[in-house]
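Quick notes on the structure that follows.
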Amino acid sequence: MPPPSKPEHEIILVESSDRELTQQCKDVRIKVFYEEQGFPLETEIDEYDEPGASVHCLLRLLPSLEPIGCVRLVTAKGKVGRLCVLKEYRSYGFGRDLMDKCHALAADKLGTREFQLHSQIPVIPFYAKLGYAPVGDQFDEEGAPHQKMVLTLPSDYGRNAM
């Protein structure tokens, strides 16, 4: 039986000053990281969610505009984090779509070509397929083992991709 077709969707840039769309991102993050994975609620929203500190790429279904995933980029550090897709939508490749959009946005709009992230151990292979490489030893973050990973994009990556 062939896999189900990918639902119609869009990925939009969300500036942290847009309170309504930022809240949609936070709601998806809370569903995935707190309700599903059991990370502490009090650490899910942090200083990087303050206006001006980060941007999100928000994945929404069309035509309903239902938010189903997001990724956050801390603009001053090139730190990617909080990548999540609601469980029922994980078989469609949306995680890769979100990361590709995040990289293109950062390269094209912000001039960022160097990225870092803290990967949960089970998803290291996902990030490795995107070109991220592990750096240093594994460490504990919020009660779960993580690995720092880094990526440097080629100078022509993302031109006019947004």
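Residue numbers run from 1 in the order of the sequence given.
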One should read off an interatomic distance between Tyr34 OH and Glu42 CD, to the nearest 0.5 angstrom, of 8.0 Å

Residue pairs meeting salt bridge (Lys or Arg N to Asp or Glu O under 4.0 Å), one or both in residues 4-25, sequence neighbours left out, come to Lys6-Asp97, Glu10-Arg60

Taken to the nearest 0.5 Å, the spacing of Leu105 CG from Leu98 CG works out to 12.0 Å

### ILVMFWY network linking Val74 to Leu151, side-chain heavy atoms under 4.5 angstrom
no

Looking only at heavy atoms, the pair that brings Ala107 and Leu153 closest together is CB-CD1, 4.3 Å

Nearest heavy-atom approach of Ser16 to Ala53 is OG-N, 4.0 Å

Nearest heavy-atom approach of Arg113 to Pro154 is CD-O, 3.5 Å

Sorted by chain and number, sequence neighbours left out, salt bridge (charged side-chain N to carboxylate O under 4.0 Å, His left out) with Glu114 holds for none

Quick check on the 6.0 Å ring-centre criterion: do His146 and Tyr127 meet it? no

Notebook entry, point to check: Taking the side chain from Gln147 and the backbone from Val135, do they hold a donor-acceptor pair closer than 3.5 Å?
Noted result: yes

Val28 reachable from Leu65 in the ILVMFWY side-chain graph, under 4.5 Å edges
no

Same cluster (ILVMFWY, side-chain, under 4.5 Å), Ile121 and Tyr132:
yes

ILVMFWY cluster, Val32 and Ile124 together (side-chain gap under 4.5 Å) | yes

For Asp46, the salt bridge (charged side-chain N to carboxylate O under 4.0 Å, His left out) test, sequence neighbours excluded, returns Arg72, Arg82

For side-chain contact (heavy atoms from CB on, under 4.5 Å), just list the numbers for Leu41 and Ile30, CA-CA rounded to whole Å, side-chain angles, deciding distance to a tenth of an Å, and then say yes or no.
-> CA-CA 7 Å; Leu41 182 59; Ile30 288 168; 3.9 Å; yes

Exercise. May I ask you to check whether over 12 heavy atoms, not counting those of Phe33, lie within 6.0 Å of atom CZ?
Key: yes

Of all heavy-atom pairs linking Leu58 and Gly69, the shortest is CD1-O, 3.4 Å

Query - Check against side-chain contact (heavy atoms from CB on, under 4.5 Å), Ile45 and Arg29 - result: CA-CA 9 Å; Ile45 309 305; Arg29 288 168 37 192; 3.8 Å; yes

To the nearest 0.5 Å, atom CE of Met99 lies from atom NZ of Lys129 at 14.0 Å

Rounded to the nearest 0.5 Å, the NZ atom of Lys87 sits from the CD1 atom of Ile68 at a distance of 15.5 Å

Heavy-atom nearest pair, Leu73 first then Cys102, reads CB-SG, 4.0 Å

Same cluster or not: Leu110 versus Ile11, using hydrophobic residues (I, L, V, M, F, W, Y) connected whenever any side-chain heavy atoms lie under 4.5 Å apart?
yes

Assess the residue pair Leu59 and Tyr89 against the criterion (side-chain contact (heavy atoms from CB on, under 4.5 Å)); give the C-alpha distance rounded to whole Å, side-chain angles, the decisive distance to 0.1 Å, and a yes or no. CA-CA 11 Å; Leu59 170 65; Tyr89 295 101; over 6 Å; no

After noting the C-alpha distance and the side-chain angles of Val85 and Tyr92, does the key distance pass the side-chain contact (heavy atoms from CB on, under 4.5 Å) rule?
CA-CA 10 Å; Val85 175; Tyr92 298 105; over 6 Å; no

NE2 of His56 to CD1 of Ile12, rounded to nearest 0.5 Å, is 11.5 Å

Between the NZ atom in Lys101 and the CZ atom in Phe94, the distance rounded to the nearest 0.5 Å is 13.0 Å

Give a yes or no on whether Lys77 atom NZ has more than 12 heavy-atom contacts from other residues, nucleotides or ligands under 6.0 Å away. no

Sorted by chain and residue number, the side chain to side chain donor-acceptor pair (under 3.5 Å) partners of Glu142 (sequence neighbours excluded) come out as Thr43

Applying side chain to side chain contact (heavy atoms under 4.5 Å, CB included) to Ala76 and not counting sequence neighbours gives none

Point to revise | Any side-chain heavy-atom pair of Lys26 and Glu44 under 4.5 Å | key: no

| Is Asp137 atom CG crowded by more than 12 heavy atoms from other residues, nucleotides or ligands, each under 6.0 Å away? | no

Donor-acceptor contact present, side-chain Ser54 to main-chain Tyr48, <3.5 Å | yes

Residue pairs meeting salt bridge (Lys or Arg N to Asp or Glu O under 4.0 Å), one or both in residues 31-40, sequence neighbours left out, come to Glu36-Arg90

